[in-house]
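See structure below.
Note that the coordinates shown come from a computational prediction; the quantities given were computed from them, not determined experimentally.
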Amino acid sequence: MESQKLLINGKRLRETLEKFAEFGKTENNGVTRLSLTEEDRMARDYLRDSCEDLGLSVTYDDLGNMYATLEGTEGGPPILIGSHLDSVKRGGRFDGVLGVAAGLEVVRAIVENNVKPRYPITIVNFTNEEGARFEPSMMASGILSGKFDKAAMFQKKDVNGTTFEEALKKIGYDGEESERLKEGKAFLELHIEQGPILERESISIGIVGCVVGMVCYEWTIEGEADHAGTTPMTMRKDALFTANDIITAIREQLGELDSELVYTMGRMNVHPNIHTVIPDSVIFSLEARHKDPAVMTKVEEVIKNVRASFSQQDCKVEIKKLWGRDTVMFDDKLCDTLEKAAQTLGISSKNMVSGAGHDAQFIASYIPTAMVFVPSENGKSHTEIEQTSWEECENGVNVLLEAVMELQTT
């Protein structure tokens with residue numbers, strides 16, 4: 001079939017996103033829709049009903065992943081479009097749900113224009129991407145791709161002691177393993193950037209080439225607690241002072257590695273945390289992210305060297321690697337197709353990377369995958385003030401539609 005230049009209904013896309021935002025709406029116009037809660041069930045029901053209204057077949061697997069398929073004239077592996085419907089606590093109205101609504105609107109445009117796709121098109125909603133109720137994040141896509149063990153994941157508990165398995169059964173979306181996503185011609189995920197780059201550069205579309213690699217370490221510094229008023233400075237073993245010196249050394253050395261390297265000390269626990277007592281223990285986290293494995297190797301060398309340089313100090317310094325992940329590269333041909341789609345529509349675009357994790361990085365291990373970003377106002381996400389303009393949402397979905405039409409010809 002020849003590629004047809006279709007455009008989505010922007011007004012309808014907005015109405016769809018506003019409808020999804022009702023499920024778990026917060027006082028400040030954000031969303032709390034934790035995975036497998038009643039709010040999640042209502043959003044799922046709305047998605048299911050909307051897809052069935054289009055004549056799509058809707059199934060869900062044993063992990064609660066939802067699949068809504070428009071059949072193709074030739075059959076074969078489907079073109080997949082999707083993301084997730086769950087949110088963090090007091091999150092935004094666009095994170096995840098935009099990618100699911102995008103799939104719905106792409107199919108709506110195709111159906112209402114009486115286009116008969118050559119290959120099936122499937123809208124996907126992945127379960128528990130955020131990990132805000134049941135850790136870890138990207139749980140269901142992780143099981144699909146063999147990264148996580150189902151039995152272990154199903155016993156994960158929320159703060160109230162409810163297991164993932166119990167919550168899944170309660171909302172009625174526990175399907176059959178035979179329904180799992182096994183193959184695809186392509187998987188496309190549209191997502192808000194969750195960062196400031198596109199807006200700062202006045203660019204509408206980000207073609208995401210990879211999800212960057214990262215490492216996370218925990219530092220433990222042990223000193224001695226003493227009275228803050230009676231212990232001379234020369235006789236102190238102050239764990240917080242040592243931690244401060246370590247952080248300074250890390251920042252100086254990591255700052256020299258690469259301008260695109262990002263690193264964060266996001267958690268710090270000081271004991272006993274009393275203003276009249278010299279701290280005897282400090283534990284803090286250090287994570288770093290970059291697309292180049294060689295840079296990440298240097299990061300870990302810096303960490304180990306800094307630790308060694310403080311090993312002879314008065315305080316005891318230990319490090320523990322909590323976890324890490326390798327850079328996940330997306331499919332070059334799909335990225336080219338998305339870039340061409342943006343050019344065809346006259347929408348500005350740039351190649352970029354994702355510093356945040358997404359279901360796409362796991363699906364990429366067995367299905368050709370690519371992502372599209374649209375701007376986040378002021379780079380804000382995972383917050384109630386998260387905002388992407390309706391125009392930019394529409395641009396992103398139109399790029400997906402154009403890419404899907406092109407993929408139907410190959």
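- Side-chain contact check for D95 and H191: at least one donor-acceptor pair (N or O, by modelled atom type) lies under 3.5 Å.
- For the pair K320 and E318, the salt-bridge criterion is not met [side-chain N within less than 4.0 Å of a carboxylate O].
- Atoms CD and CG, on E222 and D280 in that order, are 8.5 Å from each other to the nearest 0.5 Å.
- I123 is not listed as a side-chain neighbour of V106, based on a closest heavy-atom distance of 4.5 Å or more.
- At a cut-off of 3.5 Å, with distance as the only test, a side-chain donor of D61 or Y67 sits close to an acceptor on the other residue.
- Counting heavy atoms from C-beta outward, T162 and K157 have side chains that stay 4.5 Å or more apart.
- Looking at V215 and W323, their side chains never come closer than 4.5 Å, going by heavy atoms from C-beta outward.
- The aromatic ring centres of F126 and F362 sit 6.0 Å or more apart.
- Between the side chains of S349 and E339, no donor N or O sits under 3.5 Å from an acceptor N or O.
- Contact check on K25 versus E22 returns no salt bridge, with no Lys/Arg side-chain nitrogen under 4.0 Å from an Asp/Glu carboxylate oxygen.
- Shown are V124, L190, L85; of these, the side chain to side chain contact (heavy atoms under 4.5 Å, CB included) with V100 is made only by L85.
- Salt-bridge check for E105 with R12: passed, with a basic side-chain N closer than 4.0 Å to an acidic carboxylate O.
- Residue pairs meeting the ring pair (Phe, Tyr, Trp, His ring centres under 6.0 Å) criterion with at least one member in residues 243-287, sequence neighbours excluded: W219-F284.
- A donor atom on one side chain and an acceptor atom on the other are not found under 3.5 Å apart for T163 and E165.
- For the pair R44 and Y173, the cation-pi criterion (under 6.0 Å, within 45° of the ring axis) is fulfilled.
- Annotation: the span from C210 atom SG to N351 atom CG amounts to 10.5 Å, rounded to 0.5 Å.
- Using a 4.0 Å cut-off between charged side-chain N and carboxylate O, E112 and R108 make no salt bridge.
- Using modelled atom types, no side-chain atom of D62 and backbone atom of G175 make a donor-acceptor pair closer than 3.5 Å.
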- Message: If you apply the rule side-chain hydrogen bond (donor to acceptor under 3.5 Å, both in side chains), what do you find for E189 with S83, and how did you get there?
- Response: CA-CA 6 Å; E189 182 172 2; S83 193; 2.7 Å; yes

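- For the pair V374 and N395, the minimum side-chain heavy-atom distance is 4.5 Å or more.
- Note: T344 OG1 to N398 CG = 12.0 Å, rounded to the nearest 0.5 Å.
- No salt bridge links K333 with D336; every basic N to acidic carboxylate O contact stays at or beyond 4.0 Å.
- T122 and T69 share a side-chain donor-acceptor pair at under 3.5 Å.
- For the atom pair CD1 of I192 and NE2 of H382, the computed distance is 7.5 Å after rounding to the nearest 0.5 Å.
- At least one cation-pi condition fails for K156 and F134: the charged atom is not both under 6.0 angstrom from the six-membered ring centre and inside a 45 degree cone around its axis.
- Atoms CZ and CE, from F23 and M42 in turn, are 6.5 Å apart once rounded to the nearest 0.5 Å.
- Donor-acceptor pairing under 3.5 Å is recorded for the side chains of T26 and E384.
- Taking the six-membered ring for Trp and thresholds of 30 and 60 degrees, F20 and Y46 have ring planes more than 60 degrees apart, a perpendicular arrangement.
- Between R267 and E218 there is a salt bridge, since at least one side-chain N of the basic residue sits less than 4.0 Å from a carboxylate O of the acidic one.
- A salt bridge is defined here as a Lys NZ or Arg NE, NH1 or NH2 lying under 4.0 Å from an Asp or Glu carboxylate O, and K170 with E166 fails to meet this definition.
- Looking at D258 and H290, their side chains do bring a donor and an acceptor atom within 3.5 Å of each other.
- Ion pairing of K350 with E201 is present here, as a side-chain N (NZ or NE/NH1/NH2) and a carboxylate O approach within less than 4.0 Å.
- Taking 4.0 Å as the cut-off between side-chain N and carboxylate O, E74 and R118 count as a salt-bridged pair.
- Proximity of V306 to V302: side-chain heavy atoms (C-beta onward) are separated by under 4.5 Å at one or more points.
- Note on D86 versus R133: no salt bridge recorded, every NZ/NE/NH1/NH2 to OD/OE distance being 4.0 Å or above.
- The pair K304-E300 does not meet the salt-bridge criterion, since no charged nitrogen lies less than 4.0 angstrom from a carboxylate oxygen.
- T264 and R289 share no donor-acceptor pair across their side chains, judged by distance under 3.5 Å alone.
- Surrounding NZ of K89 are at most 12 heavy atoms belonging to other residues, nucleotides or ligands under 6.0 Å away.
- Of the inter-residue distances, the one linking L345 atom CG with K340 atom NZ reads 11.5 Å to the nearest 0.5 angstrom.
- We find that R33 and D40 are not joined by a salt bridge, their nearest charged nitrogen and carboxylate oxygen being 4.0 Å or further apart.
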